[in-house]
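To start, the structure under review is shown below, and the notes come after it.
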Amino acid sequence: MKLQRLLSLTRQALDTYGLIQDGDRIAVGVSGGKDSLTLLHALHHLRRFYPEKYELCAITVDLGLGSMNLEPVAALCREFEIPYEVIRTEIGAVLFDIRKETNPCSLCAKMRKGALNEMAKEMGCNKIAYAHHRDDVIETMMMSLFYEGRFHSFSPYTYLDRMDLTVIRPMIFVAEADVIGFCNKYQLPVCKNPCPMDGYTKRQYIKDLIHKLQEDNPHIKDCMFRAILDGNIKGWPQALK
């Protein structure tokens, strides 16, 4: 995927759901993975011509799971002139050594978000951008159906009233395959995920299941995403235009 297409799909989400307003200061949650680095590129390049003027900063929550070489990410932020902060935590030790969690993903996400929110406020941000893409939307809906018995997925935006922060998801129209293509084409400095649960989660199970369903119906992801956009799922807002 070329940069122009990434910017077009990202702008589609921004315009459709009014994700950015003039004067916003947005913290991009950067894990070092392909999704967050693609989002960083998209928001950096868009701000050169997007009608609503905004500032960016980048934040990485280090779980303390081992050595992650974040220098290439820091170098990218310097190139883009984006302030970058790394939060050092012991979340990994708490989950795997102290609590010995067998299903740590939910608690890990909660702890990571808490640390990210606090740093975003310290850096004067009013919004946080997550790198969830189109496939994440679909997979979350399937996980909700299978494990919670309800039709639900995360919204393009969420207001956190306790923190006075708004979470935005500018890549909801970008397919994961396009993210992979963008990373390969532009050789983004992707960091290996040190989490021992990587590839062994419920989300990975759902991802594999959808892949199998595609063998019989290649358009199944399009159908599920269209159902979400049409408002047939709880929590998804209507488009502004």
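All values derive from a computational prediction rather than experimental measurement. Counting from 1, the numbers follow the sequence of the chain as shown.
Residue I26 holds its CD1 atom at 9.5 Å from CZ of R47, rounded to the nearest 0.5 Å. Rounding to the nearest 0.5 angstrom, the gap separating the CG atom in L14 from the OH atom in Y157 is 13.5 Å. Between D135 atom CG and H211 atom NE2 the span is 12.0 Å, to the nearest 0.5 Å. With values rounded to the nearest 0.5 angstrom, L39 atom CG is found 10.0 Å from L46 atom CG. H152 NE2 to I228 CD1: the interatomic distance, rounded to the nearest 0.5 Å, is 10.5 Å. Put simply, OG1 on T166 and CD1 on I20 are 11.5 Å apart, with the number rounded to the nearest 0.5 Å.
At a threshold of 4.0 Å, the pair D136-K207 does not count as salt-bridged, since none of the basic side-chain nitrogens sits closer than that to a carboxylate oxygen. Between K127 and E55, no side-chain nitrogen of the basic residue sits less than 4.0 Å from a carboxylate oxygen of the acidic one, so the salt-bridge criterion is not met.
Side chain of S144 to main chain of F151: no donor-acceptor pair is present (N/O by atom type, distance under 3.5 Å, no hydrogens or angles). Of the possible donor and acceptor atoms, none in the side chain of S155 sits under 3.5 Å from a partner among the backbone N and O of T158. Remark: side-chain polar atoms of T60 are not paired, donor with acceptor, to backbone N or O of D62 under 3.5 angstrom. A donor-acceptor contact shorter than 3.5 Å links the side chain of T10 to the backbone of L6. The closest donor-acceptor contact from the side chain of R48 to the backbone of H45 lies under 3.5 Å. For the pair R169 (side chain) and L19 (backbone), a donor-acceptor distance under 3.5 Å is absent. The main-chain N or O of M1 is never found under 3.5 Å from a side-chain atom of D178 such that the two would form a donor-acceptor pair.
Listed here is the closest heavy atom pair of I82 and A58: CG2-N, 3.7 Å. Closest approach of T140 and S153 over heavy atoms only: CB-OG, 3.6 Å. Contact between P83 and L56 at its shortest, heavy atoms only, is CD-O, 3.4 Å. The heavy-atom pair separating T38 from K34 by the smallest distance is OG1-O, 2.8 Å. Nearest heavy-atom pair across G32 and L37 is O-CD1, 3.6 Å. A129 and L43 get closest at one heavy-atom pair: CB-CD1, 3.9 Å.
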Candidate pair E85 and C57, rule side-chain contact (heavy atoms from CB on, under 4.5 Å), full reasoning: CA-CA 8 Å; E85 293 288 342; C57 63; over 6 Å; no
From CA spacing to verdict: salt bridge (Lys or Arg N to Asp or Glu O under 4.0 Å), R78, E71: CA-CA 10 Å; R78 288 194 295 270; E71 177 52 35; 2.5 Å; yes
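Side chain to side chain, D24 and N126 meet the donor-acceptor criterion of an N or O pair below 3.5 Å. A donor-acceptor contact closer than 3.5 angstrom is absent between the side chains of D22 and Y54. Checked by atom type, the side-chain pair D15/Y50 shows a donor-acceptor distance below 3.5 Å.
Within the structure, ring-ring contact (aromatic ring centres under 6.0 Å, His included) contacts touching residues 104-150 (residues at least two apart or in different chains) are Y130-H132, H132-F154.
For OH of Y205, the number of neighbouring non-hydrogen atoms (other residues, nucleotides, ligands) closer than 6.0 Å is 12 at most. More than 12 heavy atoms of other residues, nucleotides or ligands shown are found within 6.0 angstrom of NZ on K53. Remark: E148 CD is packed, more than 12 non-hydrogen atoms of other residues, nucleotides or ligands lying under 6.0 Å away.
For the pair L70/C191, a side-chain contact is recorded, criterion being any heavy-atom separation below 4.5 Å from C-beta on. M142 has its side chain within reach of M224: a pair of non-hydrogen atoms, C-beta onward, lies under 4.5 Å apart. Between M119 and N117 there is no side-chain heavy-atom pair separated by less than 4.5 Å. Put simply, the side chain of R203 reaches to within 4.5 Å of the side chain of M143, judged on heavy atoms.
Transitive grouping of hydrophobic side chains (ILVMFWY, heavy atoms separated by less than 4.5 Å) keeps M163 and Y159 in distinct clusters. Clustering ILVMFWY residues whenever any of their side-chain heavy atoms sit less than 4.5 angstrom apart, transitively, puts F225 in a cluster other than the one holding I180.
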